[in-house]
There are 2 protein chains.
Amino acid sequence: MVKRVSLWNAGCPVARSLDAIGDWWSLLIIRDAFDGKRRFGEFQNGLGISKGVLSTRLRDLTKRGIFETVPASDGSAYREYVLTPKGRGLFPVIVALRQWGEDYLFTDGEARSSLVDRDKRAPVARLEVKSADGRSLVWSDTQVTG
Amino acid sequence: MVKRVSLWNAGCPVARSLDAIGDWWSLLIIRDAFDGKRRFGEFQNGLGISKGVLSTRLRDLTKRGIFETVPASDGSAYREYVLTPKGRGLFPVIVALRQWGEDYLFTDGEARSSLVDRDKRAPVARLEVKSADGRSLVWSDTQVTG
DNA sequence: GAATCTGGTTCTATCTTAGAACTGGATTTG
DNA sequence: CAAATCCAGTTCTAAGATAGAACCAGATTC
């Protein structure tokens, strides 16, 4: 990500993460990759994003090591975009965003998608922030140091 | 959040969350609120953000119920911005971003801040995505339905 | 009471996104 | 096998978001 105030020098991991993926579209593209999309046209159709923006974002995310391109899985001459391990490391971020949205942005009974465990078909458990020895923590139990 | 393609109608909690907080600055403002900042000037000095953008963002986040304004804690005539329970619900999102950044965006030994448990001073545990019955899940163990 | 601080508002310039047209290679179809 | 269509982009213009500075009025400090 260029241009804007750089958040890189912050010494804060949150700021560095947002420097990499904090534009309007990147996390949605990453979400779609987790949902199985791989082809340029799949991302574009699913998101309703302009092709120019998608192209720029995919290029940047690939440069940052979040995506890589591989030969298309159907044997055609095209290439597909898949998440690297670094990209897959963003799964808790996507889950956290999903759960916050579920809690606060949908009314009871409103139709929405769910994230489930493939085996049991049960919704994934709520994410919990915990201490090293397993206690559940709310934000006021924590502190940023350094 | 106005203007851009609205992500609200998506039926996807991730998209709705990003509709609310997916601009360049909101999560950083929210991070600073978790770090204890309350005053307009504190946010502005800490972030190095233009006052016009900060003003617009704080107003929008307040309208969305993520922040509320309260009388200043020092008894002056000013007001302060504090997170609502809805805003505090974003703590796992901030922690997830922090942990991804720690894992992938800092080199070994590079100085950075840490999130610790106030009591024990130990770093907070890694977030884990789990099934309803407690198994640890990677993204390929999960599926979006609906 | 003057100086300074505070929390904005307003303005211009630059970057990001929206949307459409264009392009050349790949694939499909008749 | 050639024409039609699909695919993955590139390029362009217009509108919105951000960067940065100037301005302003009320609050606070000295």
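All chains are named by letter (A, B, ...) in the order of the sequence lines, taking the proteins before the strands, and each is independently numbered beginning at 1. All of these numbers come straight from a predicted model, not from anything done at the bench.
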Show each protein N/O and nucleotides 28-30 of chain D N/O combination with a separation under 3.5 Å, one pair to a line.
from   : atom 1 : to      : atom 2 : distance (Å)
D:dT28 : OP1    : B:Ala77 : N      : 2.7

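The side-chain heavy atoms of A:Val70 and A:Arg38, taken from C-beta on, include a pair separated by under 4.5 Å. Within the 4.5 Å cutoff, no side-chain heavy atoms of A:Leu54 are placed close to those of A:Lys51.
Taking atom CD1 of A:Ile29 as the reference point, atom C1' of D:dG9 lies 14 Å away to the nearest angstrom. Atoms CG (B:Leu54) and C1' (D:dA21) sit 16 Å apart, rounded to a whole Å. Atom-to-atom, CG of B:Asp19 to C1' of D:dG16 comes out at 15 Å; the value is rounded to the nearest Å. In this structure, the CZ atom of B:Phe43 is 15 Å from the C1' atom of C:dT6, given to the nearest Å. When the P atom of C:dA18 is taken as reference, atom CG of B:Leu7 falls 9 Å away, rounded to whole Å. Rounded to an integer number of Å, the gap from B:Asp74 CG to D:dA27 P is 14 Å. Regarding A:Phe40, its CZ atom lies at a distance of 15 Å from the C1' atom of C:dG25, rounded to whole Å. Per the geometry, CD belonging to B:Glu42 stands 16 Å off C1' belonging to C:dG8, to the nearest Å.
Taking the side chain of B:Lys51 as heavy atoms from C-beta on, and the options C:dT17, D:dC23, D:dT18, the nearest nucleotide is D:dC23. Nearest to the side chain of A:Trp24, among D:dA8, C:dA18, D:dG20, sits C:dA18. Closest approach to the B:Trp25 side chain among C:dG8, D:dT18, C:dG19 is made by D:dT18 (side chain taken as heavy atoms from C-beta onward).
Residue B:Arg39 places none of its side-chain N or O atoms closer than 4.0 Å to OP1 or OP2 of C:dT6. Between B:Ser55 and the phosphate of C:dT9, there is a side-chain N or O to OP1/OP2 separation shorter than 4.0 Å.
Side chains of A:Glu68 and A:Thr62: no donor on one and acceptor on the other come within 3.5 Å. Of the N and O atoms on the side chains of B:Gln143 and A:Arg121, at least one donor lies less than 3.5 Å from an acceptor on the other residue. Neither side chain, A:Ser114 nor A:Arg98, offers a donor N or O lying under 3.5 Å from an acceptor on the other.
Comparing B:Arg59 and A:Gly52 along DNA chain C, the residue whose closest nucleotide (by nearest heavy atom) sits nearer the 5' end is B:Arg59.
Note on ring orientation: taking the six-membered ring where Trp is involved, the planes of B:Phe91 and B:Phe34 are tilted (angle from 30° to 60°).
For A:Arg39 and A:Tyr81, the positive end is not near the middle of the six-membered ring at less than 6.0 Å and at most 45° from its axis.
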